[in-house]
Amino acid sequence: MTLLTLDGLTVRAGDAVLVDDLSFSLDEGERIGLIGESGSGKSLTALAILGLLPPGLAATGSIRLDGTEVVGARERTLNRIRGRAAAPVFQEPRTALDPLMRIGKQIAEPIRRRGVRGSALEQAVRHLLAQVALDDRDRIARAFPHELSGGQRQRVAIAIALAAEPKVLLADEPTTALDVSVQAEILALIDEIAAARRMAVVFVSHDLAVVSRVAARALVMRRGRVVERGGLEALLASPQHDYTAGLIASARRFENALERRMGS
């Protein structure tokens with residue numbers, strides 16, 4: 001079953017084209033990576049899928065999300081599919097979480113919209129905290145975001161996204177702000193949960209190696225255009241575009257430097 005189809009998506013800021021004629025589709029349980037450096041258009045694509053482009057940007061073409069056309073849709077229509085059809089996990093959970101609301105209430109909000117109340121709501125919150133491998137769940141449910149570590153906040157952000165039971169998870173650089181060990185844990189968590197729920201995933205990153213841990217295929221974007229697409233194994237083993245080869249080389253230099261620093 002196809003959950004997401006982009007057909008000729010173009011995003012403009014006035015006369016400037018930021019995403020140029022992008023097309024791909026995503027089936028239930030399938031995962032795709034959008035890869036590129038800053039300014040490649042990958043994050044704008046994720047925002048366009050949710051109908052959340054910043055003011056001054058306009059989308060043309062087509063985005064069909066779980067049967068609903070997103071481009072040109074009214075806000076009331078978009079609010080019905082956000083969360084249920086697709087839910088985001090962003091790079092910095094500190095900005096995504098409400099600093100003045102306890103964690104338990106933030107996770108409970110999307111569950112409450114499904115009509116769950118009382119003890120069933122409390123149990124659902126605890127279940128989600130367990131799903132994202134957070135111990136000491138009573139303390140975390142009562143905590144405010146600033147009282148948690150970066151890794152814990154990102155797990156909470158994933159729990160909030162899962163609370164709406166989305167069919168598509170939009171993960172936009174969800175591990176970039178984390179240290180290497182926590183990054184690996186979050187990638188493994190996304191992989192495990194997506195497999196268990198047969199959830200489709202759009203994983204946005206500048207790092208091909210990171211995407212390869214979560215997705216089976218990818219689109220490499222540069223200046224708003226796709227320059228290469230295909231299976232991750234093939235892209236990593238034999239890139240056909242110089243830009244893709246450069247991204248791989250840069251990632252390997254970083255990993256080698258990190259290994260030397262950790263070994264010293």
Side-chain angles (χ1 to χ4, degrees), residues 18-19 31-50 52-54 86-99 106 132-134 145-146 148-162 166 168-194 199-224 226-228 232 235-236 243-262:
L18 307 179
V19 177
R31 308 172 196 180
I32 192 169
L34 300 181
I35 302 168
E37 296 174 313
S38 178
S40 63
K42 59 189 190 302
S43 293
L44 282 179
T45 299
L47 291 173
I49 291 170
L50 290 166
L52 289 175
L53 286 174
V89 178
F90 295 114
Q91 176 176 337
E92 178 45 76
R94 187 188 294 272
T95 59
L97 300 176
D98 187 334
Q106 296 194 54
V132 296
L134 281 169
H146 73 272
L148 304 181
S149 69
Q152 288 174 326
R153 286 194 294 269
Q154 193 59 286
R155 290 174 187 271
V156 168
I158 293 171
I160 293 171
L162 296 176
V168 180
L169 183 70
L170 297 171
D172 188 356
E173 300 272 16
T175 62
T176 299
L178 307 175
D179 66 46
V180 175
S181 60
V182 178
Q183 181 183 92
E185 292 173 2
I186 296 297
L187 291 171
L189 177 66
I190 292 173
D191 181 58
E192 179 183 347
I193 291 174
M199 187 169 56
V201 178
V202 177
F203 196 97
V204 174
S205 179
H206 64 281
D207 192 331
L208 267 165
V210 167
V211 174
S212 68
R213 302 182 196 179
V214 178
R217 65 186 177 100
L219 280 66
V220 180
M221 299 183 67
R222 184 187 189 196
R223 298 175 183 170
V226 173
V227 297
E228 190 166 357
L232 259 302
L235 288 176
L236 288 168
Y243 179 71
T244 309
L247 290 177
I248 295 170
S250 176
R252 286 175 177 161
R253 284 195 298 271
F254 175 79
E255 289 180 353
N256 290 337
L258 184 62
E259 287 176 1
R260 288 195 298 271
R261 190 163 67 244
M262 293 179 70

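Atom CG of Leu169 sits about 6.5 Å away from atom CG of Leu162, to the nearest 0.5 Å. Separating the CG atom in Leu219 from the CD atom in Glu228 is a distance of 10.0 Å, to the nearest 0.5 Å. With values rounded to the nearest 0.5 angstrom, Arg153 atom CZ is found 10.0 Å from His146 atom NE2. To the nearest 0.5 angstrom, Leu53 atom CG is 9.0 Å from Thr45 atom OG1. Atom CZ of Phe203 and atom CD1 of Ile32 lie 13.5 Å apart (nearest 0.5 Å). Of the inter-residue distances, the one linking Gln183 atom CD with Thr175 atom OG1 reads 3.5 Å to the nearest 0.5 angstrom.
Residue Arg217 places its CZ atom among more than 12 non-hydrogen atoms of other residues, nucleotides or ligands, all under 6.0 Å distant.
In terms of heavy-atom proximity, Lys42 sits nearest to His206 at CE-N, 3.9 Å. Across all their heavy atoms, Ala194 and Arg31 have their closest contact at CB-NH2, 3.7 Å. The nearest pair of heavy atoms linking Val89 to Ala157 is CG2-O, 4.2 Å. In this structure, Ser212 and Leu236 approach most closely via the heavy-atom pair CB-CD1, 3.8 Å. When all heavy atoms are compared, the tightest approach of Pro145 to Gln106 is CG-NE2, 3.7 Å. Contact record, Ile186 with Gly151: CD1-O, 4.2 Å, taken as the closest heavy-atom pair.
For the pair Arg222/Ser40, no side-chain contact is recorded, criterion being any heavy-atom separation below 4.5 Å from C-beta on. Using a 4.5 Å heavy-atom cutoff, the side chains of Leu47 and Phe90 are in contact.
Looking at Arg213, its side chain never comes within 3.5 Å of a backbone N or O of Ala184 through a donor-acceptor pair.
Inspection of the Ser181 and Asp179 side chains reveals an N or O donor paired with an N or O acceptor under 3.5 Å.
For Gln91, there are no side chain to side chain donor-acceptor pair (under 3.5 Å) partners two or more places apart in sequence or in a different chain. Considering only residues two or more places apart in sequence or on other chains, Asp98 meets the salt bridge (Lys or Arg N to Asp or Glu O under 4.0 Å) condition with none of them.
Under the side-chain contact (heavy atoms from CB on, under 4.5 Å) test applied with Ile248, the options Leu208, Asp207, Leu235, Val220 reduce to a single match, Leu208.
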